[in-house]
Amino acid sequence: QVQLVESGGGLVQAGGSLRLSCAASERTFSSRAMGWFRQAPGKEREFVAGIRTSGSTSYADSVKGRFTISRDNAKNTVYLQMNSLKPEDTAVYYCAARLSGSLYTVTSYDYWGQGTQVTVSS
């Protein structure tokens, strides 16, 4: 059983920055691709960013150039650096560990954190 715990959410003004962290409970973290997703009220959960075991990354078009995903395997932690935040980035952000399949798809992930709220004011 992998436990994921997110932190770093909060309230920020448009144009500001936040860094989210996701700590994993087990050493097999380094053998899994990791993803960040978000869900706004009344909307479906959507892919934000993903990082493979090789370190290669992928981003949703809406965050490309503003967000950066990274991982520290020694600390079993994945990060999401969010810059130039916009009100439309407001959502609950979730990290997840991929079992198999596409990096972009919710159903590829079998472990999820509890989520952390990010609110961007205009």
Is NZ or CZ of Arg45 both nearer than 6.0 Å to the six-membered ring centre of Tyr94 and within 45° of the ring axis?
-> yes

Of all heavy-atom pairs linking Thr77 and Lys75, the shortest is OG1-O, 2.8 Å

Do Phe47 and Val106 belong to the same hydrophobic cluster, where Ile, Leu, Val, Met, Phe, Trp and Tyr are linked whenever their side-chain heavy atoms lie under 4.5 Å apart, directly or via other members?
-> yes

Rounding to 0.5 Å, atoms CG (Leu80) and OH (Tyr59) come to a distance of 7.5 Å

Output the distance between atom OH (Tyr79) and atom CG (Asp72), rounded to the nearest 0.5 Å.
-> 5.0 Å

Just by modelled atom types, is the Thr107 backbone N or O under 3.5 Å from a matching donor or acceptor in the Thr105 side chain?
-> no

Closest contact, heavy atoms only, Ala91 versus Ala40 = CB-N, 3.9 Å

Least distance between heavy atoms, Val78 atom then Ile69 atom = CG2-CG1, 3.9 Å

Have Thr53 and Arg71 got a donor and an acceptor in their side chains that come within less than 3.5 Å?
-> no

Side chains of Arg38 and Tyr93: donor-acceptor distance under 3.5 Å anywhere?
-> yes

Side-chain donor-acceptor pair under 3.5 Å between Ser54 and Ser56, yes or no?
-> yes

Does any N or O in the side chain of Gln39 come within less than 3.5 Å of the main-chain N or O of Glu44, such that one atom is a donor and the other an acceptor?
-> no

Tell me, yes or no, whether the heavy-atom count around Gln3 atom CD, taken from other residues, nucleotides or ligands under 6.0 Å, exceeds 12.
-> no

Nearest atoms (heavy-atom pairs only) where Leu4 meets Ala24 = CD2-CB, 3.6 Å

Look up atom OG in Ser7 and atom CD in Gln114, then write down how far apart they are to the nearest 0.5 Å.
-> 8.5 Å

Say whether, by atom type as modelled, one donor and one acceptor occur between the side chain of Ser58 and the main chain of Gly50 under 3.5 angstrom.
-> no

Is the shortest heavy-atom distance from the side chain of Lys86 to the side chain of Val120 under 4.5 Å?
-> no

Scan for disulfide bond (SG atoms under 2.5 Å apart) pairs involving residues 21-113, sequence neighbours excluded, and state none if there are none.
-> Cys22-Cys95

Please tabulate, for side-chain N and O atoms in residues 8-21, each donor-acceptor pair with protein atoms closer than 3.5 Å (sequence neighbours left out).
unit_1	atom_1	unit_2	atom_2	d
Ser17	OG	Asn83	OD1	2.9

More than 12 heavy atoms of other residues, nucleotides or ligands under 6.0 Å from NZ of Lys64: is that the case?
-> yes

Supply the atom-to-atom distance Asn76 CG to Arg32 CZ, rounded to the nearest 0.5 angstrom.
-> 12.0 Å

Which pair of non-hydrogen atoms, one from Pro87 and one from Ser122, has the smallest distance, and what is that distance?
-> CG-CB, 3.8 Å

Can you tell me how far the CD atom of Glu46 sits from the CH2 atom of Trp36, to the nearest 0.5 Å?
-> 14.5 Å

Any chance you could measure Thr57, atom OG1, to Met34, atom CE, to the nearest 0.5 Å?
-> 14.5 Å

Could you tell me whether Asp89 and Arg66 have a side-chain N and a carboxylate O separated by less than 4.0 Å?
-> yes

Between Tyr109 and Phe37, ring centroids under 6.0 Å | yes

